[in-house]
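For reference, the structure is listed below as structure tokens.
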Amino acid sequence: MDEGGEPYVREATFISRLHRYIQGQSKDKQKQLRTAFSTDNLLAAHILVDKDEFGGESRLIFDRAVIGVFRLFDRSLFQDLTDVALKIQLGGIRILLEKLQSGSMLYSDSDLDFKELIDELFHQLSELLNSIRLNLVKMQTINQELSDASELAAKSDNPQVFSLLQQESIEKISLLLSRHILPTRQFLDEKSRLKDGPNLFECLQSLRSQFERHQDHPRANAMLRYEVSFNSFHKQISKVSHSVDQFLARSKKRLQQFNAIETAFGDLVKELDATKHNLKRSQIDGQFARDNGAFMGLMQQARPKVLRISSSEAYLNNVVSDIDARVADKRLLDRGRYVELVSTKDDSTERRLARAEQIFELVKQMKMAEYQDLTLSLHRRLKEHLVDYHFVDLLEGLNFLLRSEAMLDGHILKMTNFRQRIAQSDTIYLYRKIRTERVTNL
């Protein structure tokens with residue numbers, strides 16, 4: 001029923017599934033199942049409320065309570081609230097409010113009409129509260145569903161599959177937003193104004209006033225609790241709606257970019273094929289780039305930087321030196337020659353001095369090697385061994401290194417004109433690269 005979006009089951013489909021299910025069962029079991037699931041028996045047991053003919057086919061309509069049992073035990077079967085379903089429930093509450101305001105019955109629990117009205121009122125409010133609660137729980141899992149959909153699309157190697165998955169995801173979420181999330185949010189908005197009558201909160205306030213007028217404070221307090229509960233649901237659904245809006249905006253932008261790239265690439269391939277079939281043309285005509293705005297300014301863009309990994313002797317020596325230095329650090333520091341202190345940006349003088357002494361002892365024990373970027377290498381090594389590491393710790397360590405020949409261990413420093421960046425928290429620092437070279441005695 002949910003898959004087809006229909007409030008009934010076709011009898012042919014029902015019998016077909018029943019037939020497949022009983023295959024392999026014993027004869028006695030098959031007989032029992034056929035008897036139990038026969039249409040006459042289901043109607044007699046009130047599991048089916050009706051069987052009708054429409055369009056030349058027989059349709060089975062199940063009792064809502066029976067369907068509700070299945071939905072109760074499987075959250076995935078729970079139906080999202082729609083605008084129509086919410087208005088129907090609100091209409092029932094309005095009718096009960098009008099009867100209570102009409103004064104046509106005695107305001108006393110001894111009056112059976114009044115007692116039945118109050119029981120029906122609280123039953124409808126409880127059902128509405130539970131429906132919205134279940135709907136909210138299902139809505140709150142949508143973030144995981146969105147992440148899974150995006151991940152599935154990103155893993156696709158085929159551009160057409162990626163585009164199709166993104167389009168399906170956008171359509172599905174857009175439908176969920178417009179048909180379920182937004183109507184529920186508007187229904188729970190106490191500031192909304194409806195043309196056909198009071199909204200939910202106005203009904204609850206009127207009911208509370210009626211109970212207070214008759215000195216029925218327990219029921220008046222119950223209406224107040226319902227107001228608070230529905231209002232809290234509105235805040236939670238608003239958060240879900242905001243996250244869905246953000247996902248749709250990102251997805252639509254991503255899909256537009258993808259389509260633009262695909263279109264530009266297709267045009268470029270056509271121009272390239274034209275050069276292959278014409279011996280007089282070895283290059284794509286520049287007029288194509290001028291006519292197609294996607295390629296304008298492309299020559300002014302910086303080329304992507306290469307990943308500087310090479311098999312040169314100098315590069316391998318730097319890698320080996322860095323590994324040797326880190327291993328030496330590990331051996332020395334495991335001996336517990338320094339005490340860990342927590343770094344803070346503004347602390348007492350004694351604490352800052354103790355921190356500086358700790359960094360001095362740590363840097364002194366580290367093995368020096370040939371580095372193309374001493375600052376970056378020291379940053380990585382200090383970060384591993386200092387608790388609550390700050391950029392000021394790196395400045396302390398560099399200060400000790402630059403002023404101590406013993407720590408340089410036969411290496412010299414060369415300040416270069418190359419710039420590099422280091423990120424620490426939300427701040428990015430720009431510095432000049434320092435290179436170290438070992439001094440060889442001839």
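Everything numeric here is computed off the predicted structure, so don't read it as measured data. FYI, the numbering just counts along the sequence from 1.
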Heavy atoms only: give me the nearest Arg432-Thr416 pair and the separation to one decimal. NE-O, 3.0 Å

For side chain to side chain donor-acceptor pair (under 3.5 Å), just list the numbers for Ser209 and Arg213, CA-CA rounded to whole Å, side-chain angles, deciding distance to a tenth of an Å, and then say yes or no. CA-CA 6 Å; Ser209 299; Arg213 187 177 299 113; 5.5 Å; no

Side-chain heavy-atom pair Thr375, Gln420 within 4.5 angstrom cut-off: no

Can you list the steps and then say if Asp83 with Gln186 is a side-chain contact (heavy atoms from CB on, under 4.5 Å)? CA-CA 9 Å; Asp83 188 35; Gln186 184 181 9; 5.8 Å; no

How would you list all residue pairs meeting ring-ring contact (aromatic ring centres under 6.0 Å, His included) that involve residues 397-436, not counting sequence neighbours? Phe360-Phe400, Phe391-Tyr429

For the residue pair Phe14 and Arg59, establish whether any side-chain heavy-atom pair is separated by less than 4.5 Å. no

Using side-chain contact (heavy atoms from CB on, under 4.5 Å), reason through Phe62 and Phe70 one step at a time and then give a plain yes or no. CA-CA 12 Å; Phe62 285 82; Phe70 290 99; over 6 Å; no

Evaluate side chain to side chain donor-acceptor pair (under 3.5 Å) for Ser238 paired with Arg185, printing each intermediate quantity in order. CA-CA 7 Å; Ser238 296; Arg185 188 181 71 176; 4.8 Å; no

Please report the interatomic distance CG(Leu398) to CG(Asp393), rounded to the nearest 0.5 Å. 11.0 Å

Which heavy atom of Ile67 sits nearest to which heavy atom of Met1, and what is that distance? CD1-SD, 4.2 Å

What residues, two or more places apart in sequence or in another chain, satisfy side-chain contact (heavy atoms from CB on, under 4.5 Å) together with Ser229? Leu129

Partners passing side-chain contact (heavy atoms from CB on, under 4.5 Å) against Glu190 (at least two apart in sequence or in another chain): Phe201, Asn231

Please name all residues satisfying salt bridge (Lys or Arg N to Asp or Glu O under 4.0 Å) with Lys115, sequence neighbours left out, ordered by chain then number. Asp119

Backbone N or O of Glu127 within a donor-acceptor pair of the Ser131 side chain at under 3.5 Å? yes

Can you find a pair of side-chain heavy atoms, one from Leu97 and one from Leu121, that are under 4.5 Å apart? no

Heavy-atom check, side chain of Ile181 versus side chain of Val244, under 4.5 Å: yes

Pairs touching residues 217-239 that satisfy salt bridge (charged side-chain N to carboxylate O under 4.0 Å, His left out), sequence neighbours left out: Asp109-Arg219, Arg208-Glu227, Asp216-Arg219

So how far is it from Arg133 CZ to Ser232 OG, rounded to the nearest 0.5 Å? 9.0 Å

By side-chain contact (heavy atoms from CB on, under 4.5 Å), Ile88 pairs with (sequence neighbours left out) Val84

Which residue pairs satisfy the salt bridge (charged side-chain N to carboxylate O under 4.0 Å, His left out) criterion with at least one member in residues 195-206, sequence neighbours excluded? Arg94-Asp196, Arg193-Glu202

Got a sec, which residues hit side-chain contact (heavy atoms from CB on, under 4.5 Å) with Val228, two or more places apart in sequence or on another chain? none

Validation row: Leu90, Leu194 side chains within 4.5 angstrom (heavy atoms): yes

When rounded to the nearest 0.5 angstrom, what is the spacing between CZ in Arg438 and CE in Met368? 10.0 Å

Salt bridge (Lys or Arg N to Asp or Glu O under 4.0 Å) filter on Arg435, not counting sequence neighbours, yields Glu437

What pair of heavy atoms forms the shortest contact from Leu100 to Gln210, and how long is it? O-OE1, 3.9 Å

Those residues at least two apart in sequence (or on a different chain) that pass ring pair (Phe, Tyr, Trp, His ring centres under 6.0 Å) with His234 are none

Within the supplied structure, the quantity of interest is the number of heavy atoms (other residues, nucleotides, ligands) at a distance under 6.0 Å from Ile428 CD1; does it exceed 12? no

By salt bridge (Lys or Arg N to Asp or Glu O under 4.0 Å) - contacts of Asp409 (at least two apart): none

Check: Lys433 main-chain N/O paired with Asp373 side-chain donor or acceptor under 3.5 Å: no

State the CG-CD1 distance between Asp189 and Ile237, to the nearest 0.5 angstrom. 11.0 Å

Could you tell me if the side chain of Ser241 sits less than 4.5 Å from the side chain of Leu182, heavy atoms only? yes

Starting from the C-alpha separation in whole Å, work towards a yes-or-no answer on side-chain contact (heavy atoms from CB on, under 4.5 Å) for Gln89 and Gln124. CA-CA 7 Å; Gln89 296 193 55; Gln124 290 195 21; 5.9 Å; no

Does anything in residues 210-232 form a ring-ring contact (aromatic ring centres under 6.0 Å, His included)? List the pairs, not counting sequence neighbours. Tyr107-His214

Once you round to the nearest 0.5 Å, how far does CD1 of Ile422 lie from CG of Leu394? 5.5 Å

Atom pair OH/CD1 of Tyr8 and Ile61 - distance to nearest 0.5 Å: 9.0 Å

Non-hydrogen side-chain atoms of Ile93 and Leu200 separated by less than 4.5 Å: yes

Considering only heavy atoms from C-beta outward, does the side chain of Ile22 approach that of Leu18 to under 4.5 Å? yes

Chi angles and distances behind the side-chain contact (heavy atoms from CB on, under 4.5 Å) call for Val49, Asp63: CA-CA 5 Å; Val49 296; Asp63 186 87; 3.5 Å; yes

Where the side chain of Thr436 meets the backbone of Leu413, is there a donor-acceptor pair that is under 3.5 Å apart? no

